[in-house]
Amino acid sequence: MDILLTRVGVWFFVAVMAFAAMALGADMAYSVHMGIVCLAALIAMAASMHKFDFITGRFPVLSGPSVASHYDDDPIRWGAIATLFWGIAGFLVGLIIALQLAFPVLNFNLEFTTFGRLRPLHTSAVIFAFGGNALIATSFYVVQRTCRARLAFPGLARFVFWGYQLFIVLAATGYLMGVTEGKEYAEPEWYVDLWLTVVWVSYLAVFVGTIVKRKEPHIYVANWFYLSFIITVAMLHLVNNLSMPVSLFGSKSYSAFAGVQDALTQWWYGHNAVGFFLTAGFLAMMYYFVPKQAERPVYSYRLSIVHFWSLIFLYIWAGPHHLHYTALPDWAQTLGMVFSVVLWMPSWGGMINGLMTLNGAWDKIRTDPIIRMMVMALAFYGMSTFEGPMLSIKAVNSLSHYTDWTIGHVHSGALGWNGMITFACLYYLFPRLWNRERMYSLRMINWHFWLSTLGIVFYASAMWVSGIMQGLMWREYGADGYLVYSFAETVAAMFPMYLIRAFGGLLYLSGALVMVFNVWMTIAGKLRVEKPMTETPYNPEADRPFVAVPAE
């Protein structure tokens with residue numbers, strides 16, 4: 001009873017403070033956000049007053065079968081569904097802004113729907129809402145199974161999930177209202193950053209606490225990658241978002257850094273957000289789910305450890321390559337370039353380890369569409385981690401910088417690597433989390449695979465062509481020494497490529513919608529009667545490992 005009263009009292013206090021801040025707000029956006037916080041606190045208070053047990057309480061749809069489980073899987077179920085929801089939202093906004101670049105009239109002359117407002121909404125929704133929920137959900141799943149221990153601090157684990165959803169809502173509504181720090185991948189204002197810090201420290205406590213209470217003496221390599229992702233993102237977030245608010249009751253703040261120091265800090269953060277959020281975290285997913293789906297041990301455990309230490313040491317120094325030909329000192333630009341080129345080797349170590357895990361089970365690519373997605377994700381990972389170091393070379397960067405080539409590079413990695421591996425892991429998780437035999441339809445997974453693959457090919461190839469064309473047109477000089485093409489002529493020349501990009505985005509979104517239907521039917525407990533993926537009999541002699549030795 002005392003715990004219940006304390007919980008109700010805490011949420012009531014938060015609601016009152018948020019309401020007071022809303023009334024004292026110096027601008028509309030701040031007041032709206034405090035209103036959202038107040039509403040969230042009242043909902044939590046009402047749930048507490050009705051004695052809803054956040055630890056054992058079950059939602060009919062979001063929870064699995066009411067059977068005893070050795071592991072705490074409810075937050076993972078919620079996270080899996082949240083991942084799909086935010087993914088659809090992010091892909092849809094991405095399609096809208098892609099069409100806006102081709103047809104500016106689609107801005108509708110509304111401040112809330114301009115490209116400048118929707119673009120950060122799209123990037124944050126895909127990276128932090130879609131990708132972030134996938135990382136939180138899979139990390140909670142993996143750390144329990146590999147440590148043979150339930151989540152430490154189960155109440156705190158639920159706070160991490162719901163607190164992260166509140167962060168997403170605050171950030172997204174802020175973008176639409178024009179509240180932004182103007183920093184790539186770090187757009188939310190100071191009070192949203194503070195809230196995310198509280199949630200992230202709680203996430204670290206749950207993850208580390210579970211490892212500490214493990215029954216398995218060995219810490220599996222996937223947990224190394226998850227832990228590096230959590231700790232490094234926390235460090236990046238704290239340093240890059242150091243700022244001074246103009247008022248405690250206003251949304252505006254000023255960065256602690258200025259000029260070239262601010263730029264360097266931002267791209268130290270920006271590149272390592274890619275390196276640890278979108279690379280290390282998703283490599284953790286790869287190191288657990290690829291061996292599980294393939295039913296093979298990881299190809300080389302020794303290579304995975306070398307891959308881990310070399311990746312996290314090198315990645316942290318590569319940020320300056322985003323600032324070639326700027327006011328940043330030349331030595332710092334060169335340092336970033338050198339570390340970026342060297343980074344190619346450990347990156348491919350991870351790709352090779354993932355692909356070679358299928359050594360002796362290559363036939364699964366024909367029969368298992370989930371494995372097919374994983375292999376395609378690793379292929380895109382390898383391609384992106386080759387293209388990135390190449391683009392960091394100054395001679396190449398002089399052509400590619402500020403062009404759509406960079407956009408093509410980013411999306412081949414985000415959609416091909418992060419998107420595909422997330423989809424594959426979710427397809428692995430949903431039947432197990434809801435105690436189903438398998439997904440509703442394996443052939444729908446195959447449709448999703450081809451829609452996504454074709455979408456990425458259309459998108460990335462269009463942006464590669466567009467970007468190289470941009471760079472060449474911008475540097476074309478006539479005999480008189482003047483530029484041949486105006487900026488407007490360059491924009492007009494890119495119109496067909498923007499149409500192709502939008503078509504690719506539509507295909508990718510369509511594949512995700514197919515997945516939503518497949519997941520819905522799976523949770524409902526239905527199975528689609530369909531022919532097997534291949535009717536060719538399996539020949540084990542044709543699929544032998546190259547070297548018949550056990551994995552290291």
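Because the structure is a prediction, the values reported are computed rather than measured.
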J.: Is the Trp434-Phe430 ring centre distance short of 6.0 angstrom?
T.: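 Yes, the ring of Trp434 comes within the 6.0 Å limit of the ring of Phe430, centre to centre.
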J.: Check for a donor-acceptor pair, side chain of His411 on one end and backbone N or O of Ile407 on the other, with a separation under 3.5 Å.
T.: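 It does hold such a pair.
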J.: Under 30°, 30 to 60°, or over 60°: which ring-plane class applies to Phe289 and Tyr428, parallel, tilted or perpendicular?
T.: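 Rings of Phe289 and Tyr428: perpendicular, as their planes differ by over 60°.
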J.: Sequence neighbours left out, what pairs pass side chain to side chain donor-acceptor pair (under 3.5 Å) with at least one residue falling in residues 204-219?
T.: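 Sorted result for residues 204-219: His218-Tyr301.
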J.: For residues 504-516, pull every pair meeting side chain to side chain donor-acceptor pair (under 3.5 Å), keeping only residues two or more places apart or in separate chains.
T.: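 For residues 504-516: none.
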J.: Quick one: list whatever passes side chain to side chain contact (heavy atoms under 4.5 Å, CB included) with Val338, sequence neighbours left out.
T.: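 In terms of side chain to side chain contact (heavy atoms under 4.5 Å, CB included), with neighbours along the sequence ignored, Val338 is linked to Thr334, Val342.
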J.: Using the six-membered ring wherever Trp is involved, compare the ring planes of Trp78 and Trp162 and label them parallel, tilted or perpendicular (cut-offs 30° and 60°).
T.: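 Tilted, since the angle between the ring planes falls between 30° and 60°.
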J.: Any salt bridge (charged side-chain N to carboxylate O under 4.0 Å, His left out) pairs touching residues 124-142, not counting sequence neighbours?
T.: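 Sorted result for residues 124-142: empty, none.
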J.: Apply side-chain hydrogen bond (donor to acceptor under 3.5 Å, both in side chains) to Ser139 and list each qualifying residue two or more places apart in sequence or on a separate chain.
T.: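 Result, side-chain hydrogen bond (donor to acceptor under 3.5 Å, both in side chains) vs Ser139: Tyr203.
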J.: The criterion is side chain to side chain contact (heavy atoms under 4.5 Å, CB included); which residues satisfy it with Pro291, sequence neighbours excluded?
T.: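 Partners of Pro291 by the side chain to side chain contact (heavy atoms under 4.5 Å, CB included) criterion, ordered by chain and then number, come out as Tyr220, Val298, Thr357.
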J.: Aromatic contact between His271 and Tyr315, with the criterion being ring centroids under 6.0 Å apart: yes or no?
T.: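 Here the rings of Tyr315 and His271 have centres that are less than 6.0 Å from each other.
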J.: Just wondering, do Tyr381 and Ile421 contact through their side chains at under 4.5 Å, heavy atoms?
T.: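 Side chain of Ile421 against side chain of Tyr381, heavy atoms only: no contact under 4.5 Å found.
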J.: Could you point out which residue of Tyr288, Phe282, Tyr287, Trp309 forms a ring pair (Phe, Tyr, Trp, His ring centres under 6.0 Å) with Phe225?
T.: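 Between Phe225 and the candidates, ring pair (Phe, Tyr, Trp, His ring centres under 6.0 Å) is satisfied uniquely by Tyr287.
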J.: side-chain hydrogen bond (donor to acceptor under 3.5 Å, both in side chains) for Thr146 and Asn223? Distances and angles first, verdict last.
T.: CA-CA 8 Å; Thr146 55; Asn223 293 324; 2.8 Å; yes
J.: Can you confirm whether or not the ring centre of Phe159 sits under 6.0 Å from the ring centre of Trp195?
T.: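 Yes, the ring centres sit under 6.0 Å apart.
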J.: Under the side chain to side chain donor-acceptor pair (under 3.5 Å) rule, what pairs show up with a residue in residues 370-379, not counting sequence neighbours?
T.: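 Passing the test, one end in residues 370-379: Arg372-Asn446.
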J.: Only counting residues at least two apart or in another chain, list the ones meeting salt bridge (charged side-chain N to carboxylate O under 4.0 Å, His left out) with Arg528.
T.: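 By the salt bridge (charged side-chain N to carboxylate O under 4.0 Å, His left out) rule, Arg528 matches Glu530.
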J.: Would you please indicate yes or no on a ring centroid separation below 6.0 angstrom for Phe277 and Phe128?
T.: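 Under 6.0 Å, so yes.
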J.: Using salt bridge (charged side-chain N to carboxylate O under 4.0 Å, His left out) as the criterion, list what pairs up with Glu437, not counting sequence neighbours.
T.: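 Result, salt bridge (charged side-chain N to carboxylate O under 4.0 Å, His left out) vs Glu437: none returned.
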J.: Would you call the rings of Phe458 and Phe503 parallel, tilted or perpendicular, taking 30° and 60° as the class edges?
T.: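 Rings of Phe458 and Phe503: perpendicular, over 60°.
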J.: Please work out whether the ring planes of Phe229 and Trp200 are parallel, tilted or perpendicular, with thresholds of 30° and 60°.
T.: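 If you compare the ring of Phe229 with that of Trp200, the planes turn out perpendicular.
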J.: Can you name the side chain to side chain contact (heavy atoms under 4.5 Å, CB included) partners of Met383, sequence neighbours left out?
T.: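 In terms of side chain to side chain contact (heavy atoms under 4.5 Å, CB included), with neighbours along the sequence ignored, Met383 is linked to Phe380, Ser412, Trp464.
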J.: Mind checking what makes side chain to side chain contact (heavy atoms under 4.5 Å, CB included) contact with Arg119, not counting sequence neighbours?
T.: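 Side chain to side chain contact (heavy atoms under 4.5 Å, CB included) check on Arg119 returns Ile97, Phe115, Thr123, Glu184.
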J.: Taking only residues two or more places apart in sequence, or in another chain, which ones meet Gln165 in a side-chain hydrogen bond (donor to acceptor under 3.5 Å, both in side chains)?
T.: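 Partners of Gln165 under the side-chain hydrogen bond (donor to acceptor under 3.5 Å, both in side chains) test: Trp86, Asn133.
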